[in-house]
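A short worksheet on the structure shown next.
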Number of protein chains: 2
Amino acid sequence: MTVMTQKPVQNKQTQIAKHLLVLGAFLQREASRITSDFGLTQQQFVVLKTIEEKGPINQKDICCSLMFEKSNVSKIVKKLKRDCLIDISSGSDDNRVSILAVTPKGRKILERGMELFNEWNSAWLKGLSNGDIKQAIMVLRNLVNLAR
Amino acid sequence: MTVMTQKPVQNKQTQIAKHLLVLGAFLQREASRITSDFGLTQQQFVVLKTIEEKGPINQKDICCSLMFEKSNVSKIVKKLKRDCLIDISSGSDDNRVSILAVTPKGRKILERGMELFNEWNSAWLKGLSNGDIKQAIMVLRNLVNLAR
DNA sequence: AGATAATAGTTGCCATGTCAACTAACCTGA
DNA sequence: TCAGGTTAGTTGACATGGCAACTATTATCT
């Protein structure tokens, strides 16, 4: 409840969300700088990574895992297929479903991309201690779970 | 350094970044659902909020504070001006600079928007204790500072 | 004093992500 | 068995955000 002449109050939960919005936008831009070398956006790279981690996998599960819009995932999958980074096969018991797996070419791009990300993330997060890092991972993992 | 047949390794810093990318995309979409009622995107709303918090302010400082791309901030400022949510005046000693402040109409939108955000954020973060919340704010604030 | 560099902000172009509507396949209940 | 509902994925339309190049102004250096 706000007082007329005061600044609109933001509760602590909204402070969390605001930081996530700002950090998210920043990292999306920086991550896309890295992935553009492979002709991919950062969302495309993250989808490829998810297919590699959890594959073989269908699009619905990718949507749930990453909380991406399904039309976006569909378009990304189409592009990754066109670039020969993934293979698509049919689900054996449901013809609507497509099963996705990373190709060797895709794996190579992932390997190189992860090297670059690991390097870059280590640099901007250089000021974090091991304790800070573990704490951050725990906090963020918890937030991801709440979002799902 | 990765072994040929194993999954590309991601270090802990990259785990942090990945969570931020996914949470950021999710919150951007959800936040835009809320702000679309005011004819604004979530980035536009965040800029308006920043002008209200730190104003009067120039565009360069908004770019630094939010780590947004300057052409984006310029376009957002133009739209907020067109919608009569902010006023623009010239810097007194540098004609390149424009000084931005929120109008009463803008303040009203902020107040209503913050109410909706506070509500929505409280809901999806319902599972967090007060200790979790404080810890999350501390972690995220630290990450924002490292990013700047 | 003037040339050059840097800065604050603007704009055109374009790829992307969202939204809504769609198709094809599967599930459920009568 | 079949109508209607639900689901997995696709696609068109469109607004937006990023990139690069730009203008106008200020700062710096010779």
Side-chain angles (χ1 to χ4, degrees), chain A residues 21-22 24-48 51 56-83 86 88-100, chain B residues 21-22 24-48 51 56-83 86 88-100:
Chain A
L21 286 170
V22 168
F26 167 71
L27 283 174
Q28 278 154 23
R29 192 164 61 249
E30 295 303 319
S32 275
R33 283 203 228 276
I34 294 176
T35 59
S36 68
D37 286 341
F38 308 111
L40 299 177
T41 68
Q42 49 86 23
Q43 281 196 328
Q44 290 160 358
F45 190 90
V46 168
V47 168
L48 185 62
I51 296 173
I57 187 173
N58 63 19
Q59 293 191 30
K60 160 133 184 189
D61 288 343
I62 294 176
C63 292
C64 290
S65 180
L66 302 178
M67 295 174 288
F68 283 3
E69 221 274 330
K70 64 176 183 170
S71 63
N72 188 25
V73 171
S74 178
K75 291 181 183 186
I76 288 175
V77 162
K78 189 171 182 177
K79 171 172 166 66
L80 295 179
K81 167 71 176 170
R82 188 168 65 242
D83 291 358
I86 61 172
I88 302 176
S89 52
S90 297
S92 60
D93 62 338
D94 188 335
N95 282 333
R96 294 173 298 177
V97 168
S98 44
I99 301 294
L100 316 169
Chain B
L21 286 170
V22 168
F26 167 71
L27 283 175
Q28 278 154 22
R29 191 164 61 250
E30 294 304 320
S32 275
R33 281 202 229 277
I34 294 175
T35 58
S36 69
D37 286 341
F38 308 112
L40 299 177
T41 68
Q42 48 84 24
Q43 281 197 327
Q44 291 160 359
F45 189 89
V46 167
V47 168
L48 185 61
I51 296 172
I57 187 173
N58 63 18
Q59 292 190 30
K60 170 163 170 146
D61 287 343
I62 294 176
C63 292
C64 290
S65 181
L66 300 178
M67 296 174 286
F68 284 3
E69 219 275 330
K70 64 175 182 170
S71 62
N72 188 26
V73 172
S74 177
K75 292 177 179 181
I76 289 176
V77 162
K78 187 171 185 178
K79 171 170 166 70
L80 296 178
K81 166 68 172 169
R82 186 166 70 242
D83 291 356
I86 60 171
I88 302 177
S89 53
S90 297
S92 60
D93 61 338
D94 188 332
N95 281 335
R96 294 172 297 180
V97 168
S98 45
I99 301 296
L100 316 170

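Order of the sequence lines fixes the chain letters, A, B, ..., with proteins taken first and strands second; residue numbering starts at 1 for each chain. No experiment lies behind these values; they were computed from the predicted model shown.
The shortest heavy-atom contact between B/G24 and A/Q28 is C-NE2, 3.8 Å.
Residue B/T41 places at least one side-chain N or O closer than 4.0 Å to OP1 or OP2 of D/dG17. The side chain of B/Q43 places no N or O atom within less than 4.0 Å of a non-bridging phosphate oxygen (OP1 or OP2) of D/dT16. A sub-4.0 Å separation between OP1 or OP2 of C/dA25 and a side-chain N or O of A/N95 is absent. Contact annotation: B/R33 reaches the phosphate of C/dC19 (side-chain N/O to OP1 or OP2, under 4.0 Å).
For D/dG9, the base has no donor-acceptor partner in the side chain of A/K78 [N/O atoms by modelled type, under 3.5 angstrom]. Judged by atom type and distance alone, B/K70 does not reach the base of C/dT7 through any side-chain donor-acceptor pair under 3.5 Å. Counting atom types as modelled, A/K75 pairs no side-chain N or O with a base atom of D/dG9 as donor and acceptor under 3.5 Å.
Of the candidates C/dT18, D/dG9, D/dT26, C/dT18 carries the atom nearest the B/R29 side chain, counting heavy atoms from C-beta on. The side chain of B/Q59 lies closest to C/dG9, out of D/dT16, D/dT10, C/dG9. Listed nucleotides: C/dT18, C/dT10, C/dC26. Nearest to the side chain of B/S74: C/dT10. Distance from the side chain of B/V97 is smallest to C/dG9 among D/dC19, C/dG9, C/dT16. For B/S71, the side-chain atoms get nearest to D/dC19 when compared with the rest of C/dA25, D/dC19, D/dA8.
The local environment of NZ in B/K79 is crowded, with over 12 non-hydrogen atoms from other residues, nucleotides or ligands closer than 6.0 Å.
Along DNA chain D, the nucleotide nearest A/S98 and the nucleotide nearest B/R96 are compared for position; the residue whose nucleotide lies closer to the 5' end is A/S98.
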